[in-house]
Amino acid sequence: MSRHSTGNGGLGDWTGRRMPITRSQAVELVKRLPVNRTAAGTAGRAGAAALGRALPAPLRAPTVPAGVEVPPAESKVGAAYDTEWARSYPARAARVLLVEGVVRPTMDLLATPTVKGTDRLADLDGPVVFAANHHSHVDTPLMLSVIPEPWRHHLFIGAAADYFFGNRVTSTLSALVIGAIPIERTKVTRTSADQAAELIDDGWSMLIFPEGGRSPDGWGQAFRGGAAYLAIRCRVPVVPVHLEGTGRILRKGKNVPRPTPTTVTFGDPIVPGPDDDSRNMAVRIERAVAALADEAGSDWWQARKRAAAGETPSLQGPGVGAWRRTWALGDRRGGRRRPRRAWPEV
């Protein structure tokens with residue numbers, strides 16, 4: 001049969017790799033199609049749909065039989081966002097420039113951080129998991145600016161998949177600027193855990209906020225097991241970190257930051273024991289951060305005495321009514337307190 005044979009109705013031999021029809025023949029074929037002119041001439045989807053229905057089977061998109069559900073398209077954002085490109089050399093170089101040239105100077109002006117406890121990291125070698133309390137969006141850039149070398153520029157952050165990776169723009173910025181990977185807040189999924197574990201095994205350190213979200217009222221929340229699970233799985237130490245003052249800069253519900261001095265306290269590394277599981281190690285991490293909070297609010301000796309006696313104040317605050325919890329916070333909440341009325345001199 002010749003190349004332009006029309007033995008199958010003028011469409012040529014469809015078993016070949018290329019469509020055996022010339023451009024002019026295709027134009028003439030389309031002109032002869034029994035298209036409903038009114039429908040096809042209608043602008044928009046109606047005309048396109050009518051034209052599609054009129055095309056012969058080889059040219060028409062396949063139709064789904066009635067009763068068959070079409071599987072939804074896979075999401076490319078959220079927990080499924082691929083951040084591997086953010087560990088490439090160009091992305092890492094850009095992130096170093098952003099952290100050193102923008103983030104650190106901004107935090108020096110906005111947070112004026114006082115950093116304590118870095119001497120406790122002197123004997124560490126290799127990747128670690130930094131676990132910090134969480135009160136503000138300022139917490140992440142502040143930690144990026146104060147974590148010492150050699151971990152600062154070989155660090156990734158476990159960020160909430162539903163917040164930081166909600167769309168393409170925020171996903172790209174989160175991965176590039178802060179080196180984030182998506183983490184499910186409500187559970188430790190296999191995808192998130194495997195990705196984090198692979199990076200730790202490759203020598204990357206991790207920053208994670210075990211509370212899973214910012215404090216809603218200024219007090220801490222119970223620590224979840226993500227940091228503990230990764231430390232046990234990868235056999236790396238956890239460095240507890242307490243951030244004080246970030247809630248006064250930009251607490252949850254506020255959009256305008258207010259410059260306020262802050263204190264960042266690094267604690268002694270916590271090494272997973274042979275009998276540790278995610279639950280009891282998460283409790284150990286939370287107690288360590290609570291002891292650092294006590295240290296920042298008093299002094300090292302008094303905090304150690306209370307920790308030894310099991311009297312360290314809880315990060316979660318007193319179990320009382322909302323107004324009592326707010327009152328107990330004092331000026332740590334970040335709101336403006338009413339000035340006390342001075343008694344007149346008599």
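Since we're looking at a predicted model, the values are computed, not measured. When a residue number appears, it is its place in the shown sequence, counting from 1.
- Asp299 CG: more than 12 foreign heavy atoms inside a 6.0 Å radius.
- In terms of hydrophobic clustering, with Ile, Leu, Val, Met, Phe, Trp and Tyr side chains grouped at heavy-atom distances under 4.5 Å, Phe130 and Leu292 are assigned to different clusters.
- Using a distance-only test at 3.5 Å, with no hydrogens or angles considered, a donor-acceptor pair links the side chain of Asn280 to the main chain of Asp277.
- Leu142 and Val99 are members of different hydrophobic clusters when ILVMFWY side chains are connected at heavy-atom separations under 4.5 Å.
- Following chains of ILVMFWY side-chain contacts shorter than 4.5 Å, one can reach Phe164 starting from Trp85, so the two form part of one hydrophobic cluster.
- For the residue pair Glu100 / Ser145, no side-chain donor-acceptor distance below 3.5 Å is found, with atom types taken as modelled.
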Under the side-chain contact (heavy atoms from CB on, under 4.5 Å) criterion, do Lys116 and Thr265 qualify, and how do the steps go? CA-CA 5 Å; Lys116 301 179 179 180; Thr265 308; 4.3 Å; yes
Check against ring-ring contact (aromatic ring centres under 6.0 Å, His included), His134 and Phe223: CA-CA 10 Å; His134 198 19; Phe223 279 25; over 10 Å; no
Between Ser298 and Arg306, is a side-chain hydrogen bond (donor to acceptor under 3.5 Å, both in side chains) present by the stated rule, with each step listed? CA-CA 11 Å; Ser298 56; Arg306 279 189 285 269; 3.0 Å; yes
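- Annotation: side chain of Met281 is in contact with side chain of Pro272 (closest heavy-atom distance under 4.5 Å).
- Leu124 is listed as a side-chain neighbour of Pro237, based on a closest heavy-atom distance under 4.5 Å.
- Atom CD1 of Ile208 is separated from atom CE of Met143 by 12.0 Å, given to the nearest 0.5 angstrom.
- Electrostatic pairing of Arg120 and Glu295 counts as a salt bridge here, judged by a charged N lying under 4.0 Å from a carboxylate O.
- To the nearest 0.5 angstrom, Leu199 atom CG is 9.0 Å from Glu84 atom CD.
- Atom-to-atom distance recorded for Met206:CE and Ile200:CD1 is 6.0 Å, nearest 0.5 angstrom.
- In this structure, Asp276 pairs ionically with Arg284, as a charged nitrogen and a carboxylate oxygen lie closer than 4.0 Å.
- Rounding to the nearest 0.5 angstrom, the gap separating the CZ atom in Arg87 from the CZ atom in Phe156 is 7.5 Å.
- A donor-acceptor pair is defined here as one N or O able to donate and one able to accept, closer than 3.5 Å; no such pair exists between the side chain of Arg224 and the backbone of Pro210.
- Salt bridge status for Arg233 with Asp194: present, with a side-chain N to carboxylate O gap under 4.0 Å.
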Taking it one step at a time, do Phe209 and Asn133 satisfy side-chain contact (heavy atoms from CB on, under 4.5 Å)? CA-CA 6 Å; Phe209 301 102; Asn133 60 312; over 6 Å; no
For Leu121 and Val239: C-alpha separation, side-chain torsions, deciding distance, then whether side-chain contact (heavy atoms from CB on, under 4.5 Å) applies. CA-CA 8 Å; Leu121 313 181; Val239 176; 3.7 Å; yes
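- Taken to the nearest 0.5 Å, the CD1 atom of Ile157 stands 5.5 Å off from the CG atom of Leu155.
- In Arg279, the CZ atom is not crowded: 12 or fewer heavy atoms of neighbouring residues, nucleotides or ligands sit closer than 6.0 Å.
- Inspection of the Asp139 and Ser136 side chains reveals no N or O donor paired with an N or O acceptor under 3.5 Å.
- No side-chain heavy atom of Pro141 sits less than 4.5 Å from a side-chain heavy atom of Thr106.
- Residues Thr262 and Glu244 have side chains not in contact (no heavy-atom distance under 4.5 Å, counting atoms from C-beta outward).
- Between the NE2 atom of His154 and the CH2 atom of Trp204 there is a distance of 5.0 Å, given to the nearest 0.5 Å.
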